[in-house]
Amino acid sequence: MKITTWNVNSVRARKNHILAWLETARPHALLLQETKCEGADFPFADFRAAGYESFCCGQKAYNGCAVLSRLPIADAQCGMPNRPHDKQARVAAVTVAPSGGGENLRLISAYIPNGGEVGAEKYEYKLEWLADFAEYIADAARDFPGGVAAGGDYNIAPADEDIYDPAHWGAGNILVSKPERAAFAGLLARGYADAHRLFTQPRGVFSWWDYRAASFSRNRGLRIDMFLLTPPLATKCESCAPDSAPRTWEKPSDHAPVTVRLRAEE
DNA sequence: ATGGTAGTTCTACTA
């Protein structure tokens, strides 16, 4: 079974990229972030024609998460129950029966706040949001013994290996500051593994490259898009890798899709 | 320290 997460930076601007990528990659599910539109503008029909049902948790212009799935979707939920006051569309969750059989899986598409800059109001929002997200995924781990895959744009580079140049993008910067990394460690402490770190990885594997300063052609990137897996899925995980090909296409998202492969039940 | 680009929306805001 294959599951992918992709911050597409507008589902409407990237519709053809998504369809072209799905046609060859054919994951069972695709978790999207930064869809940047309400449900009324979401291209449900185009994805259905490609074999995918969609659940959209959107808002106008900013944020927005969705789940596309070739497997039937149940118990779709928009947002976190422990943040009922929060109007920002940053979480979409669904339940699916795994393609290889076995207990139901919970798939969570998450768009963690960027934070602006360290110390800013948006930064405080990010840390507060992450504290609630930790509780939310802890509850999911308990409620779904078959496994939880929380994929998304975490907007945190957990370690120095996840930065093209730690000297240039150091601890005072957004995405790498100590409190952000501590918050990320807090997510793992809820019983999750960063799928990328289950394997020996080469240097220079990133998932996001700034549009500016020719960052992609120089591989000046960060690894901020991740899959967090509970033990039932971590033990079945065969690989976790970004696909940088779509980043080379015309008018790309600034993020690459990241895919985990899970072994089927015996 | 600054600026470089992109999407949404229409003037700035977010990233």
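Naming: A, B, ... by sequence-line order, numbering from 1 per chain.
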*Asks:* Pairs counted only when both distances fall under 3.5 Å, Watson-Crick or G-U: show me the 5' to 3' dot-bracket for DNA chain B, [ ] for pseudoknotted crossings and | for other-strand partners.
*Replies:* ....((((...))))
*Asks:* Can you check whether A:K251 has a side-chain N or O nearer than 4.0 Å to OP1 or OP2 of B:dA6?
*Replies:*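 Indeed not, no polar side-chain atom of A:K251 lies that close.
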*Asks:* Please tabulate, for the side chains in residues 226-241 of chain A, all donor-acceptor contacts under 3.5 angstrom to protein atoms that are two or more places apart in sequence or on a different chain.
*Replies:*
unit_1, atom_1, unit_2, atom_2, d
A:T230, OG1, A:V148, N, 2.9
A:T235, OG1, A:P231, O, 3.1
A:T235, OG1, A:P232, O, 3.2
A:K236, NZ, A:P232, O, 3.1
A:K236, NZ, A:E265, OE2, 3.1

*Asks:* Looking at every strand, decide which applies to A:R90 at a 4.0 Å heavy-atom threshold: base, sugar-phosphate, or nothing.
*Replies:*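 Sugar-phosphate contact only.
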*Asks:* With nearest nucleotide decided by heavy atoms, which residue, A:K60 or A:G116, maps closer to the 5′ end of DNA chain B?
*Replies:* A:K60
*Asks:* Between the side chains of A:R12 and A:D46, is the shortest nitrogen-to-carboxylate-oxygen separation below 4.0 Å, so that they form an ion pair?
*Replies:*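 Salt bridge absent between A:D46 and A:R12.
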*Asks:* Assign A:F216 to base, sugar-phosphate, or nothing according to its heavy-atom contacts below 4.0 angstrom with the strands shown.
*Replies:*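 No contact.
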*Asks:* Expressed as a whole number of angstroms, how long is the span from A:K15:NZ to B:dT8:P?
*Replies:* 13 Å
*Asks:* Out of B:dC13, B:dT8, B:dA6, which has the shortest distance to the side chain of A:S10?
*Replies:*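 Nucleotide nearest to A:S10's side chain: B:dT8.
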*Asks:* Using whole Å, report how far CG of A:D210 lies from P of B:dT2.
*Replies:* 17 Å
*Asks:* Sequence neighbours left out, what passes side chain to side chain donor-acceptor pair (under 3.5 Å) with A:Y52? Give chain and number order.
*Replies:*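 Partners of A:Y52 under the side chain to side chain donor-acceptor pair (under 3.5 Å) test: none.
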*Asks:* Which residues pass the side chain to side chain donor-acceptor pair (under 3.5 Å) test with A:N63, sequence neighbours left out?
*Replies:* A:Q59, A:R90
*Asks:* Give the rounded distance in Å between these two atoms: CG of A:N114 and P of B:dT14.
*Replies:*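 Interatomic distance, CG of A:N114 to P of B:dT14: 10 Å.
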*Asks:* Atom CD of A:E117 and atom P of B:dC13: how far apart are they, to the nearest Å?
*Replies:* 14 Å
*Asks:* Rounded to the nearest Å, what distance is computed from the CG atom of residue A:L175 to the P atom of nucleotide B:dT14?
*Replies:*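 One finds 16 Å between P of B:dT14 and CG of A:L175, rounded.
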*Asks:* Is any side-chain N or O of A:R14 closer than 4.0 Å to OP1 or OP2 of B:dG7?
*Replies:* yes
*Asks:* Considering only NZ, NE, NH1 and NH2 on the basic side and carboxylate oxygens on the acidic side, decide whether A:D210 and A:R220 come within less than 4.0 Å.
*Replies:*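 Result for this pair is no, no salt bridge flagged.
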*Asks:* What interatomic distance, in whole Å, is found between C1' of B:dC10 and the corresponding atom of B:dT14?
*Replies:*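 That atom pair is separated by 15 Å.
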*Asks:* Pick base, sugar-phosphate or nothing for A:R220, based on heavy-atom distances below 4.0 Å to the nucleic acid.
*Replies:* nothing
*Asks:* Could you tell me the separation between the CG atom of A:N9 and the P atom of B:dG7, rounded to a whole number of Å?
*Replies:*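 Taking atom P of B:dG7 as the reference, CG of A:N9 is at 6 Å.
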*Asks:* Starting at the 5' end of DNA chain B and moving along, which residue's nearest nucleotide shows up first, A:N155 or A:P252?
*Replies:* A:P252
*Asks:* Is any NZ, NE, NH1 or NH2 atom of the basic residue among A:R218 and A:D165 found under 4.0 Å from an Asp or Glu carboxylate oxygen of the other?
*Replies:* no
*Asks:* When you measure from the side chain of A:K122, which nucleotide among B:dT14, B:dT8, B:dT5 comes out closest?
*Replies:* B:dT14
*Asks:* Please enumerate all residues that pass side chain to side chain donor-acceptor pair (under 3.5 Å) together with A:N16, with sequence neighbours excluded.
*Replies:* none
*Asks:* Measure the distance from OH on A:Y211 to P on B:dC13 and round it to the nearest whole Å.
*Replies:* 21 Å
*Asks:* How far, in whole Å, is B:dA1 from B:dA12 if one measures between their C1' atoms?
*Replies:*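 Straight-line distance between the two C1' atoms is 23 Å.
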*Asks:* To the nearest Å, how far apart are A:D153 CG and B:dA6 P?
*Replies:*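 After rounding, the gap between these two atoms is 19 Å.
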*Asks:* May I ask you to list the residues sharing a hydrophobic cluster with A:F206, side-chain cutoff 4.5 Å, ordered by chain and number?
*Replies:*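 A:V118, A:Y123, A:L127, A:I163, A:Y164, A:W169, A:I174, A:L175, A:V176, A:W208, A:W209, A:F216, A:L222, A:I224, all in the cluster of A:F206.
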